[in-house]
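These numbers come from the heavy atoms of this one structure, side chains and all, not from hydrogens, waters or symmetry mates. The sequence lines fix the lettering, A, B, ..., with proteins before strands; numbering per chain opens at 1.
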There are 2 protein chains.
Amino acid sequence: MSGETPAYHHGDLPTALRAATAELIAERGPTGFSLREVARRAGVSHAAPAHHFGDSRGLLTSVATEGFVQLNIAFAEAVEGLTDPVERLNACGKAYVSTAVNYPGHFGVMCADEIINNDEPEFVEASVGAYLHLLGIMADIRDALNPELDIEAAATMTWSAVHGLATLAPGLDSVAEKTDTKTAPLHDLIDQFTGMMISGFAAR
Amino acid sequence: MSGETPAYHHGDLPTALRAATAELIAERGPTGFSLREVARRAGVSHAAPAHHFGDSRGLLTSVATEGFVQLNIAFAEAVEGLTDPVERLNACGKAYVSTAVNYPGHFGVMCADEIINNDEPEFVEASVGAYLHLLGIMADIRDALNPELDIEAAATMTWSAVHGLATLAPGLDSVAEKTDTKTAPLHDLIDQFTGMMISGFAAR
DNA sequence: GAGAACAGGTTGACAGTGTCAAGATGTGTC
DNA sequence: GACACATCTTGACACTGTCAACCTGTTCTC
């Protein structure tokens, strides 16, 4: 009555399972994921998840999709009110890394093609949507700064840069400790990063 | 007599196990790794690996270490005969991505902190060595182009950029297909990438 | 050279895992 | 009230990592 879903025995088991999965992966990484442990944390039997997601790949795919949906929301919020494409690119770069850091469990499976069904329609829609958002910004940058810009190459490089940063971010402090060096704040790195990318895209 | 190792029952089981592990991870990703499957491929019983590596983390750590050793070799070969630090950075960027693409099994565990013992001395030596190599090039770039360059931030960004590219490289074609776009050759992307980074590092 | 010490590898057991089939229980419909 | 169905449980199976015990060949010592 109150919600959209009929609220059967559990209430909203799919959501609870996704949350437990993200929590578990955030703790132990994708290899530490266990379907039975997730079921345990959600308070149901070990075979319950299968009725909603088929197998473990289905559940992980659902979590990855949720992550991309969240990324799209973060992108939309980040560019709100910004008209300058350069500012929008910078804002999206920060939104990407922020999402990765704030949702480590989701981020851990979003680009893990070996363990998810990356041809599932909902996943394709969400992930392609995020890429197209970036591509759109690149097109605006091309129109504003450099008509000869290869926007697809530029988008790939930008995605790689922020993705690499988001991936290595958790281990940066550890490296700094071992090499007796220091790490710049993540926020500053992204500013420098996007600044350099923009200069590179503009000057051609 | 002939080799360094005495060549017991198997010959050189540790090497065979590392090779089988890299092969398996290249096929199925880190989550598809199985100690028993590795033992099977090496033609030994399921408990044999434990005598050389303790547990599965030990074996994976050994593979990751081997990957960083290989990366250091690739770095050394890449910069051979090059005096210009800018050329050396470009060469190392290509060497990094080439190593990742040519040794996907190793690359899959090199930065997977959750499944390896990243404080094991041999691993630390090999991984820190690679980072210090990059840091050394950055110091040369600073001396040659821009005395105010923050070489640690620059090294972190460069590593992130090529790491992101290496990570996403296998999936780029898939994305291009879904979005009906095209992908530039990996080699060209690295050239553009390092070119932009250098411009950014120099102009400040 | 005989026997001890030991590295290298096997076998068997245990708890934990993913998945499947079957059954139980609640929910809605006619 | 009876049927259909979605939701979840129970039990089973083969597989996994790890541990202890055992076997076998090599090397060292006296």
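One interatomic measurement links the two molecules: CG of Leu24(B) to P of dT16(D), which rounds to 10 Å at whole-angstrom precision. When the P atom of dC15(D) is taken as reference, atom CZ of Arg28(B) falls 12 Å away, rounded to whole Å. Atom CD1 of Ile115(B) is separated from atom P of dT16(D) by 17 Å (rounded to the nearest Å). In this entry the distance linking CZ of Phe53(B) with C1' of dG17(D) reads 16 Å, nearest Å. At whole-Å resolution of the value, NE2 in His46(A) and P in dC13(D) are 13 Å apart. One interatomic measurement links the two molecules: NE2 of His52(B) to P of dT18(D), which rounds to 16 Å at whole-angstrom precision. In this structure, Leu35(B) atom CG and dG9(C) atom P are separated by 14 Å, rounded to whole Å. Between Phe33(B) atom CZ and dT18(D) atom C1' the separation is 13 Å, expressed in whole Å.
Side-chain atoms of Arg36(A) come within donor-acceptor range of the base of dG18(C), with a qualifying N/O pair under 3.5 Å.
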message: I'd like to know whether Lys94(A) forms a salt bridge (charged side-chain N to carboxylate O under 4.0 Å, His left out) with Asp191(A), so could you lay out the CA-CA distance, the side-chain angles of the two residues, the decisive distance to 0.1 Å, and finally the verdict.
response: CA-CA 8 Å; Lys94(A) 286 176 183 170; Asp191(A) 278 332; 3.0 Å; yes
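With DNA chain C read from its 5' end, the first of the two nearest nucleotides for His51(B) and Ser56(A) is the one closest to His51(B). Nearest-nucleotide mapping onto DNA chain C: of Glu37(A) and Ala47(A), the residue sitting toward the 5' end is Glu37(A).
For the OP1/OP2 pair of dT17(C) and a distance below 4.0 Å, the side-chain nitrogens and oxygens of Arg40(A) include at least one atom meeting the criterion. Note on Ser34(B): a side-chain N or O is less than 4.0 Å away from OP1 or OP2 of dG17(D).
The closest donor-acceptor contact from the side chain of Arg57(B) to the backbone of Glu114(B) lies under 3.5 Å. Without hydrogens or angle criteria, Asn117(B) side chain to Thr61(B) main chain gives no donor-acceptor distance under 3.5 Å.
Checking dT19(C), dG8(C), dT10(C) against the side-chain heavy atoms of Ser45(B) singles out dT10(C) as nearest.
Enclosure of atom CZ in Phe53(B) by more than 12 non-hydrogen atoms of other residues, nucleotides or ligands within 6.0 angstrom is indicated. Counting heavy-atom neighbours within 6.0 Å of Glu125(A) CD, excluding the residue itself, gives a total of 12 or less. Environment of CD in Glu27(A): crowded, with over 12 heavy atoms of neighbouring residues, nucleotides or ligands closer than 6.0 Å.
Note on ring orientation: taking the six-membered ring where Trp is involved, the planes of Tyr131(A) and Trp159(A) are tilted (angle from 30° to 60°).
Taking five base pairs at each end of the helix from dG1(C)-dC30(D) to dC30(C)-dG1(D), the local helix axes there meet at an angle of 10°, rounded to 10°.
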